[in-house]
Amino acid sequence: MDQQLNRPGPTPASEPVSRRGVLRAATVSAAAVGAAGLLAGPAAAAPTASGQQAQGRRRVPVDRISIQLYTLRDQLAGDLPGSLDALRRIGYRRVEHAGFVGRTATQFRAALDEAGLRSTSGHVGIPQPFDAATWEQALADANVVGCKKIVHPYFGRDASGQPIRDPAVYRALARDLNRAGRLAERAGLDFGYHNHQLEFVPLTGGSTGFDILTAQTDPRLVHFELDLYWTWRGAHDPVDVFRANRGRIRQVHVKDLDVEGGFADLGDGVIDFGRIFAHEREAGIEEYIVERDDAGTAPRSPADALDTARVGFDYLASLRY
């Protein structure tokens with residue numbers, strides 16, 4: 001059964017993300033942080049006397065670099081075998097799926113095997129209202145595909161499309177995440193939650209949805225896949241999130257932020273990933289997942305998503321911090 005995700009559509013960098021309900025204030029706050037030096041150039045390092053940038057001794061392990069296939073959704077739909085083969089030739093060994101591109105789990109696994117790739121993680125939304133049987137089928141499919149992790153991809157809007165402000169809604173979600181995580185554990189899978197900016201919107205009473213989810217989910221059952229772009233768009237420094245949730249940030253979505261608050265290929269934006277990854281052990285990071293939400297969407301072509309994939313892999317493989 002192909003899992004179709006309830007994800008927001010991509011927002012081109014040339015358009016204000018707020019047209020989809022994102023608060024402009026988040027971008028302004030992120031820009032202000034950048035002015036203070038925290039959003040320095042990619043992998044920023046102090047120049048040496050020779051004018052060259054100093055490089056650290058640590059690096060992202062190549063075998064932990066992955067890519068979220070949502071980045072290439074149009075390319076995959078047009079040519080699944082060719083697109084997967086292209087990812088393998090770029091250097092990827094692992095991917096994170098976002099549905100099975102119209103195939104069954106078995107057929108999708110066969111396509112991955114043929115390309116020499118592993119889907120170590122997958123995005124699958126937990127049923128709302130929660131239904132154990134439906135979730136157990138999703139877990140069974142994840143095992144067929146070969147996943148080690150399964151991640152809930154999106155939450156945060158009410159029926160009218162506005163950011164959720166009621167803390168009771170997030171408390172109810174936390175209970176469902178614990179239930180989903182318990183069933184995932186029984187199925188031999190790690191269960192995670194992927195954020196956008198909406199979890200950082202202040203709720204009635206002053207806390208945030210992210211505060212509630214981290215406080216009221218069981219660390220043994222629920223980890224977090226921190227999207228670094230959306231965390232900045234939510235006006236939060238990922239390093240602060242790492243420090244407040246030591247060992248629970250086992251996956252990160254690595255996507256860059258341009259000066260207008262839109263998406264950029266890795267290295268073309270303003271996020272200092274080296275500074276963030278210097279805290280990887282504190283966070284507990286196990287996977288570094290390249291993603292760009294608008295990589296193949298007009299005015300870009302589906303083939304441009306492969307350029308994003310190539311740039312992202314090369315950037316992470318060469319990064320020193």
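One-based numbering along the sequence shown.
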Out of Arg64, Arg93, Glu287, Lys149, which residue meets the side-chain hydrogen bond (donor to acceptor under 3.5 Å, both in side chains) rule with Thr120?
Glu287
Closer than 4.0 angstrom, basic N to acidic O: yes or no for Glu282 and Arg246?
yes
Test log, rule side-chain contact (heavy atoms from CB on, under 4.5 Å), inputs Val254 and Ile289
CA-CA 6 Å; Val254 190; Ile289 304 169; 5.8 Å; no
Stepwise, does the side chain to side chain donor-acceptor pair (under 3.5 Å) test hold for Ser121 with Arg94?
CA-CA 9 Å; Ser121 181; Arg94 58 172 73 190; over 6 Å; no
Regarding Gln68 and His97, is there a side-chain donor-to-acceptor distance under 3.5 Å anywhere?
no
Can you list the steps and then say if Phe224 with Phe210 is a ring pair (Phe, Tyr, Trp, His ring centres under 6.0 Å)?
CA-CA 10 Å; Phe224 288 86; Phe210 199 81; 5.4 Å; yes
Given Trp232 and Ile276, is the side-chain contact (heavy atoms from CB on, under 4.5 Å) satisfied, shown in steps?
CA-CA 12 Å; Trp232 279 119; Ile276 294 170; 4.0 Å; yes
Smallest separation among heavy atoms of Val270 and Asp256, with atom names:
N-OD1, 3.3 Å
Sub-6.0 Å ring centroid separation between His279 and Phe242:
no
Indicate whether the side chain of His194 and that of His253 have a donor and an acceptor atom separated by less than 3.5 Å.
yes
Under 3.5 Å, is there a donor-acceptor pair linking the side chains of Thr297 and Arg73?
yes
I'd like to know whether Leu221 forms a side-chain contact (heavy atoms from CB on, under 4.5 Å) with Phe191, so could you lay out the CA-CA distance, the side-chain angles of the two residues, the decisive distance to 0.1 Å, and finally the verdict.
CA-CA 7 Å; Leu221 302 175; Phe191 176 62; over 6 Å; no
Just jot down the salt bridge (Lys or Arg N to Asp or Glu O under 4.0 Å) partners of Asp211, sequence neighbours excluded, or say none.
none
How about Asp141 and Gln137: does a side-chain donor come under 3.5 Å of a side-chain acceptor?
yes
Applying salt bridge (charged side-chain N to carboxylate O under 4.0 Å, His left out) between Asp227 and each of Lys255, Arg233, Arg292, report the one that passes.
Lys255
Within the 3.5 Å criterion, strictly below it, is a donor on Glu286 or His223 matched to an acceptor on the partner's side chain?
no
How long is the span from the OH atom in Tyr170 to the CG atom in Leu203, to the nearest 0.5 Å?
6.5 Å
Against Val62, only a single residue in Tyr92, Tyr288, Phe313 fulfils side chain to side chain contact (heavy atoms under 4.5 Å, CB included); can you say which?
Phe313
Could you walk me through whether Trp230 and Tyr154 pass ring pair (Phe, Tyr, Trp, His ring centres under 6.0 Å), step by step?
CA-CA 12 Å; Trp230 288 118; Tyr154 184 73; 8.9 Å; no
Please determine if Asp314 and Arg310 form a salt bridge, counting it only when a charged side-chain N lies under 4.0 Å from a carboxylate O.
no
Please determine if Asp176 and Arg179 form a salt bridge, counting it only when a charged side-chain N lies under 4.0 Å from a carboxylate O.
yes
Verify the distance criterion only: is there a donor paired with an acceptor across the side chains of Ser119 and Glu96 at less than 3.5 Å?
no
Tell me every residue that passes salt bridge (Lys or Arg N to Asp or Glu O under 4.0 Å) with Arg58, counting only those two or more places apart in sequence or in another chain.
Glu280
Measure from the side-chain N and O atoms of Gln216 to the backbone N and O of Leu213, and report whether any donor-acceptor pair falls under 3.5 Å.
no
CZ on Arg59 to OH on Tyr321, rounded to 0.5 Å:
9.5 Å
Please tell me if the side chains of Phe155 and Asn195 come closer than 4.5 Å, counting only heavy atoms from C-beta onward.
no
If we ignore hydrogens and angles and just use 3.5 Å, is the side chain of His123 paired with the main-chain N or O of Val151 as donor and acceptor?
no
State whether Arg243 and Asp237 are salt-bridged, where the test is any N-O pair (Lys NZ or Arg NE/NH1/NH2 against Asp/Glu carboxylate O) under 4.0 Å.
no
When you check the side-chain N and O atoms of Thr217 and Arg248, is any donor under 3.5 Å from an acceptor?
yes
Applying salt bridge (Lys or Arg N to Asp or Glu O under 4.0 Å) to Arg250 and not counting sequence neighbours gives none
